[in-house]
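So the structure is just underneath, and the comments pick up after that.
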Amino acid sequence: MRKIWWFLGMLASMGILMILFWRSSQNSVLSSTKVTNKIALTEKTIRYERRVLKQGEAHIIFVPSQSDFLVTPAVSQNLETLETFARKYQAIATINGGFFDPKNQKTTSNIVLQGKLVANPRENERLANNPDLQSYLNQIFNRTEFRRYACNTALGENSKANSTARYDIAFHNDPLPVGCQLVDALGGGPKLLPDLTLVQEGFVDEAKSRDALGSTQLNARSAVGITRDGTIILVTISQQPKASLSGISLPALADFMKSLGAEKAMNLDGGSSSSLYYNGKTFFGKFDSEGNFVKRPVKSVLLVRKKS
């Protein structure tokens with residue numbers, strides 16, 4: 001009888017151990033699920049990175065394709081700082097946008113908002129009537145732009161009930177994808193990826209030794225890129241304080257954007273305009289001879305803000 005009771009006791013102990021082991025396994029699975037969910041949430045949030053380069057510093061914003069944020073252009077009648085743009089539009093991040101003439105404060109880049117051309121370089125008389133640029137105007141007016149489309153996914157071309165946002169980098173005269181409408185566009189240039197189109201966009205004319213952007217020289221630069229999965233990358237390259245030559249060239253900027261995963265990329269206005277604002281802080285690209293930041297207001301920006 002004692003052996004029977006001893007055997008039953010052993011079975012009960014084993015049962016308790018099995019129950020404890022099962023509960024431990026369940027807790028382990030739940031913990032893994034929570035970690036996975038946390039990672040998934042993290043991948044949907046904006047990420048800032050700073051990277052030290054050989055002759056400068058990179059400030060980078062990643063906006064995942066499935067995040068709750070949109071990347072859209074904004075333009076001002078007068079020149080404004082990135083902080084002013086950010087406050088006005090309640091943006092978490094801004095980067096300087098397209099080219100403009102600092103003398104008359106008019107755009108030299110195309111800008112489209114809500115399907116309407118709101119900044120037209122053809123209306124800038126200092127550009128359109130410049131005798132030195134007449135042979136390049138068709139190229140200038142067709143420069144690269146960062147686009148946002150509304151693309152219908154289910155209910156036909158004329159329905160907006162099931163449209164999704166989609167980004168692209170294309171020439172101004174390029175046709176729209178089938179089933180998509182152009183919502184916003186910010187002109188810049190040249191295209192950096194997949195190919196550097198300096199000559200095609202009228203920035204460089206080797207026959208006349210013309211290089212409007214000093215493309216092979218080191219300078220402060222800004223750019224926007226798109227990865228294969230639709231993540232938007234905003235980059236400003238800052239110079240080194242008191243360095244006679246620092247920053248990055250356009251070919252090197254193209255290589256850097258590619259190293260970040262961009263398949264398409266576009267150069268933005270550079271030099272003194274280069275700057276990036278994120279979460280209350282501005283990173284400037286240009287330094288003066290005394291090592292102070294050059295704080296230059298700009299005509300247009302790209303905003304990163306919450307979807308409404």
Side-chain angles (χ1 to χ4, degrees), residues 44-48 59-65 67-121 123-124 145-150 165-167 169 181-189 220-226 231-238 266-286 293-308:
K44 292 183 179 181
T45 60
I46 294 173
R47 187 170 87 253
Y48 165 80
H59 303 281
I60 312 161
I61 298 289
F62 295 90
V63 185
S65 58
S67 73
D68 294 327
F69 293 86
L70 288 175
V71 180
T72 62
V75 61
S76 176
Q77 187 69 29
N78 302 309
L79 305 186
E80 296 182 354
T81 65
L82 297 193
E83 298 96 320
T84 302
F85 275 107
R87 286 196 302 269
K88 184 183 294 186
Y89 295 96
Q90 298 182 329
I92 189 173
T94 61
I95 190 170
N96 65 283
F99 300 100
F100 63 95
D101 187 329
K103 291 187 177 181
N104 62 14
Q105 299 189 6
K106 292 185 178 181
T107 186
T108 56
S109 298
N110 290 292
I111 302 175
V112 175
L113 297 178
Q114 295 302 309
K116 296 181 179 180
L117 184 64
V118 297
N120 187 349
E123 297 175 357
N124 186 338
E145 59 190 20
F146 175 81
R147 293 176 170 182
R148 180 167 68 101
Y149 304 128
R166 174 178 163 187
Y167 299 97
I169 290 175
Q181 295 178 335
L182 182 64
V183 181
D184 304 313
L186 174 77
R221 311 274 184 185
S222 293
V224 55
I226 308 173
T231 295
I232 305 301
I233 306 174
L234 306 177
V235 174
T236 285
I237 306 294
S238 297
M266 178 185 82
N267 180 60
L268 297 166
D269 193 6
S272 300
S273 295
S274 290
S275 50
L276 184 145
Y277 168 93
Y278 174 65
N279 204 23
K281 184 175 181 179
T282 301
F283 305 97
F284 297 97
K286 194 79 172 176
F293 291 119
V294 177
K295 302 179 181 181
R296 181 188 189 185
V298 296
K299 181 73 175 177
S300 62
V301 297
L302 284 176
L303 306 165
V304 181
R305 54 196 180 103
K306 276 274 192 179
K307 295 177 181 177
S308 56

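Within a 6.0 Å radius of NZ in Lys88, other residues, nucleotides and ligands contribute more than 12 heavy atoms. Summarising the local packing, NZ of Lys307 is surrounded by more than 12 heavy atoms from other residues, nucleotides or ligands at distances under 6.0 Å.
When all heavy atoms of Tyr277 and Thr282 are compared, the closest pair comes out as CD1-OG1, 3.4 Å. For Lys299 against Phe85, the heavy-atom pair with the smallest separation is O-CZ, 3.6 Å. Of all heavy-atom pairs spanning Pro297 and Phe100, the tightest one is O-CZ, 3.8 Å.
Partner of Arg296 under the side-chain hydrogen bond (donor to acceptor under 3.5 Å, both in side chains) criterion, chosen from Ser274, Ser273, Ser275: Ser273. Under the side chain to side chain contact (heavy atoms under 4.5 Å, CB included) rule, Leu276 has a single partner from Ile95, Thr94, Leu302, Asn96, which is Ile95.
Remark: Lys306 qualifies as a cation-pi partner of Phe69 under the 6.0 Å distance and 45° angle criteria applied to the six-membered ring.
To the nearest 0.5 Å, atom CG of residue Leu186 and atom CZ of residue Arg148 are 12.5 Å apart. To the nearest 0.5 Å, the span separating CG on Asp101 from OG1 on Thr107 amounts to 10.0 Å.
Below 30°, between 30° and 60°, or above 60°: for Phe284 and Phe293 the angle between ring planes is between 30° and 60°, a tilted geometry.
The salt bridge (charged side-chain N to carboxylate O under 4.0 Å, His left out) search around Asp269 returns none, not counting sequence neighbours. Among residues two or more places apart in sequence or in another chain, the side-chain contact (heavy atoms from CB on, under 4.5 Å) test is passed with Gln77 by none.
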